[in-house]
Amino acid sequence: MFDKSDDLEYPGKFLVSVLKEEGLTQKNLSERTGLSEKHISQIINGEVSLSVETALLLENVLPRTAYFWIDLEKRYQEEKARLNRCDLIKKETGLLSKFPYRDLARRGLVPNTNNNEEKVSNLWKFFGVSSLLLIKNMEAVVYRKKQGILGKEELISSWLRCGEITFKKEKLPEYSRSGLKGVLTDLKFLSRSKPKNFLVQVKKCLNQVGVAIVYVPHFAGTGVSGAMRWIDNHPAIQLSIYYRWADIFWFNLFHEIGHVLLHGKKEVFFEYENNDQIVSDSQEKEVDLFAANKLISKKEYAKLIKKQLNQKEIKKFAQNLGIHPGIVVGRLCHDKKIEWGDFSDLRVKIENKDLK
């Protein structure tokens with residue numbers, strides 16, 4: 001039942017004033033329209049909506065057109081919905097602390113504001129939802145939960161949405177599986193360039209075969225380093241560059257490409273700072289092996305580790321393979337053939353300015 005203390009001009013309230021002007025009672029209106037007195041009472045009390053059929057009946061009895069009554073009902077319902085929306089916004093301000101609003105504003109993805117209700121409304125638009133509670137139903141987050149990885153869903157969702165917004169803006173040719181396989185060698189050759197150059201060239205190289213890629217810095221507390229999913233029939237690779245070492249970037253890139261080539265379109269894959277929670281996943285092991293062997297073949301690597309490992313040998317080995325020596329150092333460190341501090345001068349870091 002409508003709260004009469006509300007100032008909204010709902011049809012029933014206006015109907016009372018028109019009846020008074022015409023000197024008619026609810027009983028008179030019932031006799032002239034064929035509507036029951038109960039139904040007229042319900043309209044007047046805001047218990048039922050004023051239908052198109054009722055509007056046409058009122059048009060014959062009262063000095064107002066059917067359009068007038070229909071429009072009045074429409075405007076009332078719209079305004080009532082807006083008030084309900086405001087109530088929901090107020091309720092959801094309590095959820096704001098779970099979202100990285102300040103970081104999103106800093107990235108220009110939502111308006112900068114100190115008003116909590118505006119923040120909720122802006123987040124609705126950012127995610128494309130009508131309630132922050134619905135974010136838990138988004139496909140990627142649901143899949144993540146199915147894998148037993150719980151917590152920080154709001155942060156992960158925010159990070160994924162940043163990438164999705166960018167992906168949606170891109171116009172790519174049809175995805176070509178053979179084309180992607182064909183550019184793998186070209187990709188790893190790009191590792192010899194400076195980060196600010198190879199980040200751009202990697203994107204161009206993948207885009208031309210229908211693969212989307214975007215670099216989205218992670219949000220504090222997530223530890224997410226990468227993700228791969230399919231959006232609009234295109235593989236969409238999202239990297240956070242969580243680790244700034246270029247060799248780790250190259251491994252993560254080929255890791256995600258491995259998911260594209262080896263695994264299904266309906267799956268969503270996440271990589272984290274610490275993958276111990278999913279280390280037993282056979283698919284993750286499969287793409288780790290794919291990435292390692294595509295960057296440095298198993299045969300060539302076996303030859304390398306038999307040699308005396310020094311800077312000169314590593315540089316020569318990398319030059320023969322056409323890759324940056326930092327990739328070789330990173331692989332040797334990961335496999336515990338050398339210490340992480342060894343030959344660190346051969347490893348390159350990706351700076352914040354390189355991502356712009």
Side-chain angles (χ1 to χ4, degrees), residues 1-99 101 110-111 113-142 145 153-154 157 161 164-165 168:
M1 182 173 176
F2 182 73
D3 183 359
K4 296 183 185 64
S5 65
D6 198 295
D7 291 331
L8 283 183
E9 186 70 19
Y10 66 102
K13 182 186 290 187
F14 193 79
L15 179 58
V16 171
S17 63
V18 174
L19 288 176
K20 186 176 181 180
E21 289 176 1
E22 298 299 312
L24 297 174
T25 64
Q26 292 183 36
K27 183 177 181 181
N28 295 148
L29 185 61
S30 172
E31 294 170 342
R32 296 187 182 197
T33 60
L35 296 171
S36 69
E37 287 188 57
K38 178 182 178 181
H39 187 69
I40 292 173
S41 177
Q42 288 175 324
I43 292 175
I44 288 175
N45 289 309
E47 296 174 359
V48 297
S49 299
L50 196 155
S51 67
V52 174
E53 290 77 9
T54 298
L56 290 169
L57 293 175
L58 293 179
E59 181 181 58
N60 292 331
V61 179
L62 303 172
R64 297 290 189 280
T65 65
Y67 175 80
F68 170 84
W69 294 108
I70 293 169
D71 185 60
L72 186 60
E73 177 68 37
K74 178 183 176 182
R75 285 188 285 113
Y76 161 67
Q77 292 295 344
E78 180 180 346
E79 190 59 28
K80 187 169 73 168
R82 288 187 183 280
L83 288 175
N84 290 336
R85 179 177 181 272
C86 289
D87 288 341
L88 180 57
I89 286 178
K90 289 178 182 179
K91 290 179 181 178
E92 296 203 345
T93 56
L95 301 174
L96 283 173
S97 61
K98 297 183 178 182
F99 295 88
Y101 193 93
V110 293
T113 178
N114 292 321
N115 185 296
N116 285 341
E117 292 178 22
E118 289 180 4
K119 287 181 179 180
V120 171
S121 180
N122 293 336
L123 284 175
W124 284 359
K125 294 175 183 177
F126 170 73
F127 284 106
V129 297
S130 56
S131 168
L132 296 180
L133 295 174
L134 296 175
I135 292 171
K136 64 184 179 182
N137 298 327
M138 295 175 76
E139 182 181 4
V141 176
V142 170
K145 288 182 177 180
E153 273 73 35
E154 292 82 8
S157 297
R161 182 60 174 165
E164 185 179 2
I165 290 172
K168 293 286 186 180

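Throughout, residue positions are numbered sequentially from 1 according to the sequence presented. Just so we're clear, the structure is a prediction, and the values are computed from it rather than from any experiment.
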Please check: side-chain N/O of [X] versus main-chain N/O of [Y], any donor-acceptor pairing under 3.5 Å?
X: Tyr10; Y: Ile44; result: yes
X: Arg64; Y: Leu58; result: no
X: Glu92; Y: Leu132; result: yes
X: Asn45; Y: Ser41; result: yes
X: Thr54; Y: Leu50; result: no

Rounded distance [0.5 Å steps], [atom1] in [X] versus [atom2] in [Y]:
X: Lys119; Y: Thr113; atom1: NZ; atom2: OG1; answer: 7.0 Å
X: Ile135; Y: Glu154; atom1: CD1; atom2: CD; answer: 7.0 Å
X: Leu88; Y: Leu83; atom1: CG; atom2: CG; answer: 13.0 Å
X: Ile165; Y: Arg161; atom1: CD1; atom2: CZ; answer: 4.5 Å
X: Ile40; Y: Leu29; atom1: CD1; atom2: CG; answer: 4.0 Å
X: Leu57; Y: Leu62; atom1: CG; atom2: CG; answer: 10.5 Å

Taking the side chain as every heavy atom from C-beta outward, state whether Ser49 and Gln77 have any atom pair closer than 4.5 Å.
yes
Do Arg85 and Ser121 come within less than 4.5 Å of each other through their side chains, counting heavy atoms only?
yes
Where do Asn60 and Leu56 land on the side chain to side chain contact (heavy atoms under 4.5 Å, CB included) test, with the steps shown first?
CA-CA 7 Å; Asn60 292 331; Leu56 290 169; over 6 Å; no
Please report the shortest heavy-atom distance between [X] and [Y], naming the atom on each side.
X: Val110; Y: Asn122; result: CG1-O, 4.2 Å
X: Trp69; Y: Pro11; result: CZ3-O, 4.0 Å
X: Glu118; Y: Asn115; result: N-OD1, 2.9 Å
X: Val48; Y: His39; result: CG2-CE1, 4.0 Å

Hey, could you give me each pair passing side-chain hydrogen bond (donor to acceptor under 3.5 Å, both in side chains) that has a residue in residues 18-32? Not counting sequence neighbours.
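Output for this query lists Thr25-Asn28.
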Contacts of type ring pair (Phe, Tyr, Trp, His ring centres under 6.0 Å), residue Phe68, not counting sequence neighbours:
Phe14
Which residues share a ring pair (Phe, Tyr, Trp, His ring centres under 6.0 Å) with Phe99, sequence neighbours left out
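Per chain and number, Phe99 pairs via ring pair (Phe, Tyr, Trp, His ring centres under 6.0 Å) with Phe127.
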Pairing of Arg75 and Glu79 as salt bridge, 4.0 angstrom limit
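Salt bridge absent between Arg75 and Glu79.
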As a quick check of understanding, evaluate salt bridge (Lys or Arg N to Asp or Glu O under 4.0 Å) for Glu78 and Arg82, giving each step before the final call.
CA-CA 6 Å; Glu78 180 180 346; Arg82 288 187 183 280; 3.3 Å; yes
